[in-house]
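In what follows, a single structure is set out as structure tokens and then discussed.
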Protein chains: 2
Amino acid sequence: MPAPWPAVSDCIDMLDSETKVVETPEDHAEELRLWLRLLTCTTLIEGEVRGRLRQRFDVTLPRFDLMAQLDKAPDGMTLSDVSKRMMVSNGNVTGLVERLVESGHLDRRTSDTDRRVQVIRLTKLGRAEFRRMAAEHETWIADLFADLSPKDVRDLMRLLAKTKASAQKSAARRRP
Amino acid sequence: MPAPWPAVSDCIDMLDSETKVVETPEDHAEELRLWLRLLTCTTLIEGEVRGRLRQRFDVTLPRFDLMAQLDKAPDGMTLSDVSKRMMVSNGNVTGLVERLVESGHLDRRTSDTDRRVQVIRLTKLGRAEFRRMAAEHETWIADLFADLSPKDVRDLMRLLAKTKASAQKSAARRRP
DNA sequence: GGAAAACATTTTAGGCTTAAAACAATTCGG
DNA sequence: CCGAATTGTTTTAAGCCTAAAATGTTTTCC
């Protein structure tokens with residue numbers, strides 16, 4: 001039967017983590033509230049952008065996002081690259097690309113050097129439409145963040161970079 | 001044919017907004033980068049939470065979120081309330097609730113005073129399972145944000161509150 | 001009282017999303 | 001060189017999600 005408290009000798013190394021030793025459930029309410037607020041902000045802005053894209057251009061957000069990735073890669077990207085960049089599953093990209101090829105916005109071809117790989121590019125039409133949408137999209141974002149000062153923006157950038165790093169580290173701890 | 005520049009008399013009132021007058025496209029790259037970083041953080045954390053919920057409890061994130069709303073409302077909520085709180089469409093909630101009733105986690109009844117309204121509550125099983133999951137969930141969040149200092153958390157809370165307010169104001173400008 | 005507006009929910013049609021399994025092609029190690 | 005792992009993509013099954021139209025109910029306001 002284990003003693004309900006650690007031996008005195010073991011406590012020497014535990015003095016600065018006493019809360020754990022005595023099994024006090026730690027209070028993480030602040031982090032939880034932070035996470036909910038982060039999620040709320042993103043959902044709010046994402047919904048607004050989604051609605052405006054639909055209203056103005058009759059396009060969905062995922063299609064816009066995919067085109068945005070390709071606009072930055074004039075030589076095209078592989079499906080895997082796109083999937084990693086967009087942080088969505090492979091199968092998701094397959095379907096998205098299918099519909100965008102169908103509508104004439106994307107061009108897709110099998111790589112010459114590796115027959116597993118599909119390389120996709122924006123077509124002329126796709127690029128033109130994306131540029132038109134992106135210009136307006138940028139003004140929406142500016143408007144949504146309009147009440148933040150330049151310093152606020154800088155501070156948020158810094159803190160979110162730290163958040164991203166922390167989350168990535170935590171994710172890596174689980175899946176090494 | 002309009003002159004390509006404003007009349008001198010009109011310029012008197014424009015001196016402090018000259019960039020607009022000369023049609024210089026304003027630079028909103030910083031806000032755009034901020035939005036992408038915000039989105040990345042949320043997607044990263046959301047994906048991690050989704051995966052852990054599935055692995056540990058074989059439950060989806062939307063189901064967990066819905067149960068979380070109900071856990072805070074012992075007397076139940078209407079579908080509209082839930083839909084507003086979760087910031088998802090009404091139809092979405094209908095389906096989600098259907099499946100959770102089916103699995104015995106939710107109880108649903110028509111309001112006595114207004115036959116349009118459906119009131120849903122957690123069942124005993126639903127509450128028990130949610131509490132079990134929520135306890136672990138809180139430690140995941142704490143771990144994901146572990147590298148942020150208490151001050152970072154406070155600063156982020158403040159800046160995200162400002163962001164939320166700004167976005168809501170912008171959304172209201174579009175849909176008054 | 002009764003038409004019209006407002007409200008709560010469901011239905012519909014289509015697209016998005018994931019996890020996991022299946023398939024295909026390449027690379028690696030012996 | 002050849003079997004085994006690895007890599008890139010697609011398929012599958014199920015669920016999530018939205019916008020818009022449809023349905024049923026209540027309130028409003030002549």
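No experiment lies behind these values; they were computed from the predicted model shown.
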Closer than 3.5 angstrom, by distance alone: can the side chain of B:Ser166 be matched with the main-chain N or O of A:Leu144 as a donor-acceptor pair? yes
Donor-acceptor under 3.5 Å (B:Thr110 side chain, B:Gln118 main chain): no
Please tabulate, one pair per line, each protein N/O and nucleotide N/O from nucleotides 22-26 of chain D that are separated by under 3.5 Å, including the distance.
| unit_1 | atom_1 | unit_2 | atom_2 | d |
| --- | --- | --- | --- | --- |
| D:dT25 | O2 | B:Arg116 | NH1 | 3.4 |
| D:dT26 | OP1 | B:Arg115 | N | 2.9 |

In whole Å, what is the span from the [atom1] atom of [X] to the [atom2] atom of [N]?
{"X": "A:Gln118", "N": "D:dT11", "atom1": "CD", "atom2": "P", "answer": "11 Å"}
{"X": "A:Arg108", "N": "D:dG8", "atom1": "CZ", "atom2": "P", "answer": "15 Å"}
{"X": "B:Lys84", "N": "C:dC7", "atom1": "NZ", "atom2": "C1'", "answer": "9 Å"}
{"X": "A:Glu98", "N": "C:dG14", "atom1": "CD", "atom2": "C1'", "answer": "15 Å"}
{"X": "A:Gln55", "N": "D:dA20", "atom1": "CD", "atom2": "P", "answer": "8 Å"}
{"X": "B:Arg99", "N": "D:dA13", "atom1": "CZ", "atom2": "P", "answer": "18 Å"}

Do the charged groups of A:Arg52 and A:Glu48 touch, with an N to O distance under 4.0 Å? yes
Could you tell me whether A:Arg109 and A:Asp107 make a salt bridge, using a distance below 4.0 angstrom between a side-chain N and a carboxylate O? yes
When all nucleic acid strands are considered with a 4.0 Å heavy-atom cut-off, which category describes B:Leu96: base, sugar-phosphate, or nothing? sugar-phosphate
Ring centre gap for B:Phe64 and B:Phe130 strictly below 6.0 Å: yes
Looking only at non-hydrogen atoms, find the nearest pair between B:Leu44 and A:Lys164 and report the distance. CD2-O, 3.8 Å
Between residues 63-82 of chain B and DNA chain C, which residues have a heavy-atom gap below 4.0 Å? B:Thr78, B:Leu79, B:Ser80
Could you write out each protein N or O paired with an N or O of nucleotides 18-22 of chain C at a distance under 3.5 Å?
| unit_1 | atom_1 | unit_2 | atom_2 | d |
| --- | --- | --- | --- | --- |
| C:dT18 | OP2 | A:Ser89 | N | 2.8 |
| C:dT18 | OP2 | A:Ser89 | OG | 3.2 |
| C:dT18 | OP2 | A:Asn92 | ND2 | 3.2 |

For B:Arg33, is the CZ atom crowded, meaning more than 12 foreign heavy atoms sit under 6.0 Å from it? no
Ignoring backbone atoms, test whether A:Thr94 places a side-chain nitrogen or oxygen under 4.0 Å from the OP1 or OP2 oxygen of D:dT11. no
